[in-house]
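Notes follow the structure.
Given the structure is predicted, the values throughout are model-derived calculations rather than measurements.
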Amino acid sequence: MPNGAQNGRPSAADPGFAAALRDQTQGYVEKRKADAARFVSDVGGAIRDTGTSFDSLPQLKELFDQAALGVDELAEAISRRSFGEMYDEVHAAIRRRPALATAAAVLTGLAFFRLVNASKVRPVPRSHAVVPLDVLPTPDV
C-alpha cells in the first residue's frame with residue numbers, strides 16, 4: 001500500500017494527511033485566538049462603559065479607564081502574537097514563579113469543583129426542614 005494508506009483512507013504516515021491536519025489545527029487555533037481577542041476586547045469595552053457612569057468621580061472614572069486600557073492592550077497582544085509565543089511566555093512565567101502557578105492551578109481547580117458540584121441538589125437537613133402545618137399532630141382538647 002503506498003504511503004501507508006489502507007482501504008483508500010489516508011493515514012498518519014501520509015505526508016499530505018499530516019500537512020492537512022497541521023493546516024486544520026493552525027486554522028482552528030487562529031479562530032479561537034481571534035475569538036479570545038474579541039472577547040477580551042468586549043470586556044475592555046464593558047469596563048470602559050461602566051466607567052462612564054462615574055463622571056462625577058474623576059478618580060474612579062480614571063481607574064476604570066486605565067483598567068480598560070490594560071484589557072485592550074491584552075486583546076491586542078493576543079491577536080498580535082502566535083500561539084507558540086503565548087505558550088512560551090506562559091511556560092516561562094510558570095518557571096519563574098512556580099508557587100504562584102501552583103496556587104493559581106489549585107484555585108482554578110477549586111472553582112471548577114464548586115461549579116460542577118453547584119448543579120447537584122443538596123438534601124435539606126431535617127433540623128432545617130419546613131414541616132407543613134397540616135402534618136403536625138393536633139392536641140386533643
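- Note on Met86 and Val29: separate hydrophobic clusters, where clusters join Ile, Leu, Val, Met, Phe, Trp and Tyr whose side-chain heavy atoms are under 4.5 Å apart, directly or indirectly.
- With values rounded to the nearest 0.5 angstrom, Leu21 atom CG is found 10.0 Å from Gln26 atom CD.
- Atoms CZ and OG, on Arg38 and Ser79 in that order, are 10.5 Å from each other to the nearest 0.5 Å.
- For the atom pair Asp72 CG and Ile47 CD1, the distance stands at 8.5 Å (nearest 0.5 Å).
- In the hydrophobic clustering of ILVMFWY residues, with side-chain heavy atoms under 4.5 Å counting as a link, Val90 and Val40 come out apart.
- Residue Ala68 comes nearest to Arg48 through the heavy atom pair CB-NH2, 3.6 Å, listed as atom of the first residue, atom of the second, then distance.
- Note: His91 NE2 to Arg96 CZ = 11.5 Å, rounded to the nearest 0.5 Å.
- Between Glu85 and Arg80 the shortest side-chain heavy-atom distance does not fall below 4.5 Å.
- Rounding to the nearest 0.5 Å places CG of Leu107 at 11.0 Å from OG1 of Thr102.
- For the pair Arg81 and Phe83, the cation does not sit on the ring face, since its NZ or CZ is not both under 6.0 Å from the ring centre and inside 45° of the axis.
- Linking Ile, Leu, Val, Met, Phe, Trp and Tyr residues whenever their side-chain heavy atoms come within less than 4.5 Å leaves Leu60 and Leu69 in two separate clusters.
- Salt-bridge check for Asp35 with Lys31: failed, with every basic side-chain N at 4.0 Å or more from each acidic carboxylate O.
- Phe64 contributes atom CZ, which lies 7.0 Å from atom OG of Ser53 (distance to the nearest 0.5 angstrom).
- By the 6.0 Å contact criterion, CZ on Arg32 is enclosed, its count of non-hydrogen atoms from other residues, nucleotides or ligands being greater than 12.
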